[in-house]
Participant: 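One structure, as C-alpha cells, below. Some questions next.
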Amino acid sequence: MEPNSITEVLDGRWATLRRTVREQLAGVEYRDTSGLSTEEHRALVFEQLHALAKTDGPKLGFDRAYGGGGDVGGSVVAFETLGFGDLSLMVKAGVQWGLFGGAVQLLGTRRHHERYLADIMDLTLPGCFAMTETGHGSDVQHLRTTATYDGTDFVLHTPHRSARKDYIGNAARDGRVAVVFAQLITDGRGRGVHAFVVPIRDAEGNPLPGVSIEDCGRKGGLNGVDNGRLTFDHVRVPRENLLDHYGQVEPDGVYRSPIDSDNRRFFTMLGTLIRGRVSVAGSAGSAAKRALTVAVRYADTRRQFNRPDDAREVVLLDYQAHQRKLLPALAKSYALHFAQENLTRDLDELQSSAEPDERRQRELESHAAGIKALSTWHTTAVIQTCREACGGAGYLAENLLTTLKADTDVFTTFEGDNTVLLQLVAKGLLTNYRSQFEDLGTLGLARFVVEQFVGLVAERLPSLGPGREDAEALYDRGWQLRAFEDREAHVLAGLARRLRRAASGDADPFEVFNSAQDHVLRAGHVHTERVVLQAFADAVERCADPEVQRLLDRVCTLYALHTVNDDLAWFLAHGRLAAGRGKAVNGAVNALCAELRPHARTLVDAFAVPERFLDAAILREESDRQEAQWREDQANAAS
Ligand SMILES: Cc1cc2nc3c(=O)[nH]c(=O)nc-3n(C[C@H](O)[C@H](O)[C@H](O)COP(=O)(O)OP(=O)(O)OC[C@H]3O[C@@H](n4cnc5c(N)ncnc54)[C@H](O)[C@@H]3O)c2cc1C
C-alpha cells in the first residue's frame with residue numbers, strides 16, 4: 001500500500017492546506033540548531049518568522065475584514081504542521097499570531113482590530129502575550145499586576161517582584177508591544193483580570209519609560225524563542241488600550257460588561273483563548289510523528305545479532321521487544337491525530353459561529369484540556385522511547401531526537417499545566433457543564449460537588465456488567481468502546497461516592513477534594529482516553545478505501561488493547577476481565593504488533609513529515625549500508 005493513500009485519510013478536512021504548508025516547509029532551509037548560541041538561534045528564528053509572515057499561513061486565523069483568511073481551523077492546522085520543523089519557530093509563530101494576535105482579535109473590538117491586526121499579521125508589530133507572573137502561573141485568576149483607571153488613563157503596575165510577568169515569549173528581544181493581563185480597578189473596585197495593549201519598546205528597541213525588561217536566559221530547549229520578564233512601574237496607557245470585548249470602562253470610570261459575574265466573565269475570556277492550547281496539542285503530535293519516523297525507519301534497516309541458522313543479522317524491528325517499543329506508540333499517535341482533527345473541527349465550528357452553543361463550548365474546552373494533556377505527555381514519552389530505540393546514535397544531536405526531546409519537554413507545562421488541565425476535565429464531568437461552573441474555584445468546586453452533585457452522579461451512571469471475555473471479543477470495536485465507556489462511568493461514579501463519604505459530618509470541603517485528587521485526575525484521564533478511542537473508531541468507520549480501512553482498523557485495535565493492557569490491574573480488579581483473559585490482552589497486543597510490523601514503514605511515511613526534517617545521519621548511513629548490501633547481493637546472484 002502506498003503511504004499516500006493513508007496520508008489522504010490523515011489529512012482530512014484541511015488536506016489542501018496541510019499539503020501547502022508541507023510544501024512550504026520543504027522549501028525552508030533546514031539548519032541543525034543544536035550547536036547555535038542562544039543569540040544565533042534567536043536571530044535565525046526571527047528571520048524565519050519574517051519569511052513566514054510573507055506566506056498566507058499566519059493570516060489564516062484572522063478576520064477576512066482585516067486581510068485575514070477567516071479559517072480558524074486552518075490556522076490551527078498550520079501551527080500543527082509547523083511542528084514538524086524547528087519547534088522554536090512554531091512557538092515564536094504561536095506567540096505572535098496565536099497568542100498575541102489572537103488576544104487582540106478575540107478580546108479586542110473594532111478599534112483594536114483596525115489599529116493592530118494588519119501590522120500583527122505582517123510582523124510589523126512583534127508582540128507578546130503577558131499573562132503568567134512569577135508568583136502565579138496556573139492560577140491566573142489571581143494575578144497581582146494592577147491596571148487602575150485614574151479618570152484618563154490606565155496605570156499598569158507591578159506591586160512586587162513575584163507579580164512581574166515571567167517566561168513571556170518575544171519579550172526579551174523582539175516584542176514591541178505586550179497584551180498584559182492585569183486586575184482592572186476602576187471607581188475603587190476590582191473587576192477581575194482584563195487584557196491591555198501596552199507598548200514596551202520604542203522603535204530602536206529600547207524599553208519604554210517605566211518598563212523593565214529582563215532576559216530569562218538559556219532554557220532547557222526552545223532557545224530560538226526570547227523569553228523575558230516584564231515589570232511595570234506606573235506605566236500609563238490610554239483608556240482605549242483596554243481590550244474591551246468583555247468589559248468596557250466609560251470615560252467617567254463606570255464599568256460595563258455583558259457578563260455580570262466576574263468569574264464567569266474571566267472564564268469566558270479564557271475559553272476564547274483555547275486556540276493556543278489546541279495548537280500546542282497538535283504540534284506536540286507532529287513532533288512525536290517526526291521522532292517515530294526517524295526511529296521506525298532506523299529500526300527497519302539497522303541490524304544487530306544474527307540468527308543461529310543465518311549469517312545475516314536481524315533487523316531491529318523484527319525483534320518483538322522493538323515492536324512493542326514502537327508500534328503501540330505509533331498506534332497512539334494515530335489515535336491522537338484523529339482526536340486532534342475532531343478538536344480542530346469543533347473549534348473551527350464554534351469560533352466561526354455568531355452564537356456559539358454554550359454546552360458545546362464547555363465540551364470543547366474540556367476536550368482541548370484533556371487532549372492537550374494526553375498528547376504532550378505522549379510526545380514526551382515517545383521521544384524518549386525513540387531515543388532508546390536508536391541506541392547510542394539516538395543520543396547524538398545530529399540524529400534529531402535530543403533536540404526534539406529538549407524542545408517538547410515544556411509542552412506539558414505551558415498552555416496549561418497538564419495536571420491542572422486534567423482537573424479541569426474532571427470538573428467538567430462532575431458538573432456536567434452546569435451553569436454554576438463559572439463561579440467555582442478549587443474550594444468552591446469541592447463544596448459544590450459535596451453539596452449538590454454527589455447524589456446525582458452516582459444514580460445516573462449506568463454500571464455495565466463484564467462483557468464477553470473470549471479473546472475474539474477483544475478485537476471487537478463495540479467491546480473496546482464499551483470497555484472504555486464503562487471504565488469512565490465507573491471511575492466517575494466512584495469519585496462521586498468517595499467525595500460523598502468523605503464529606504459526611506463537618507469535613508473541610510478543601511480537604512475532601514484534595515484528598516481525592518488522584519481519583520479526580522484519573523477521571524479526567526480515562527474520560528479523555530475514551531474520547532480519543534471514539535475519534536479513532538469514527539475515522540476508521542468513515543474511511544472510504546477498504547484496504548486503508550482494514551489497516552487502520554488494526555492500528556485502532558492496537559491502540560485500544562494496549563491502553564487496556566496498561567490499565568490491566570483496573571480491569572482485573574473490577575471484574576471486567578477474568579484473570580486468565582488478562583493474558584489474552586497481552587497476547588493480542590503481541591499478535592497485533594507482529595501483524596503490523598510489515599506496515600510500520602508505510603504507517604510512519606504516511607505522516608508525510610517533509611524529508612528535510614528527517615535528515616538524520618543514522619538514516620543516511622543506514623540507507624548507504626542498505627545500498628551497499630543490495631549491490632553485494634546483486635553481484636552474488638549474478639556470479
Ligand atoms: C518556555 C516557556 C514559554 C512560556 N511562554 C509564555 C508566554 O508567552 N506567556 C505567558 O503568559 N506565559 C508563558 N509561559 C508560562 C506558562 O504558561 C506557565 O509556566 C504555566 O502556566 C505553569 O505555571 P507555573 O510555571 O507557575 O507552574 P505552577 O502553576 O506553579 O505549577 C507547578 C507545579 O504545581 C502543580 N500544581 C499547581 N497547581 C496545582 C493544583 N491545584 N493541584 C495540583 N497540582 C498543582 C503543577 O501540576 C506543577 O507540577 C511560558 C513558560 C515556559 C516555560
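Order of appearance sets the numbers: ligands from 1, and atoms from 1 within every ligand.
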Participant: With heavy atoms under 4.0 Å as the rule, classify the contact between Asp139 and ligand 1 as side chain, backbone, both or neither.
Facilitator: neither

Participant: For ligand 1, find out whether one of its N or O atoms is nearer than 3.5 Å to an N or O atom of Leu99.
Facilitator: no

Participant: Is the contact between Val410 and ligand 1 made by the side chain, the backbone, both, or neither, using heavy atoms and a 4.0 Å cut-off?
Facilitator: side chain

Participant: Touching ligand 1 at all, Gln423? Heavy atoms, strictly under 4.0 Å?
Facilitator: yes

Participant: Does Gly169, backbone or side chain, put an N or O under 3.5 Å from an N or O of ligand 1?
Facilitator: yes

Participant: Answer yes if the side chains of Thr109 and Asp244 hold a donor-acceptor pair under 3.5 Å, and no otherwise.
Facilitator: yes

Participant: Of the side chain and backbone of Val420, name the one, both, or neither that has a heavy atom under 4.0 Å from an atom of ligand 1.
Facilitator: side chain

Participant: Looking at Asp417, which atoms of ligand 1 are within less than 4.0 Å of one of its heavy atoms?
Facilitator: 46 (C), 47 (O), 48 (C), 49 (O)

Participant: Does Lys427 make a cation-pi contact with Phe267 (under 6.0 Å, within 45 degrees of the axis)?
Facilitator: yes

Participant: Give yes or no for whether the N/O distance cutoff of 3.5 Å, strictly under, is met between Met131 and ligand 1.
Facilitator: yes

Participant: Would you mind checking if Glu39 and Arg173 are paired as a salt bridge, meaning a charged N to carboxylate O distance below 4.0 Å?
Facilitator: yes

Participant: Give the atoms of ligand 1, by number and element, whose distance to some non-hydrogen atom of Thr413 is under 4.0 Å.
Facilitator: 19 (O), 20 (C), 22 (C)

Participant: List the steps and the verdict of side-chain hydrogen bond (donor to acceptor under 3.5 Å, both in side chains) for Thr148 and His157.
Facilitator: CA-CA 8 Å; Thr148 310; His157 187 63; over 6 Å; no

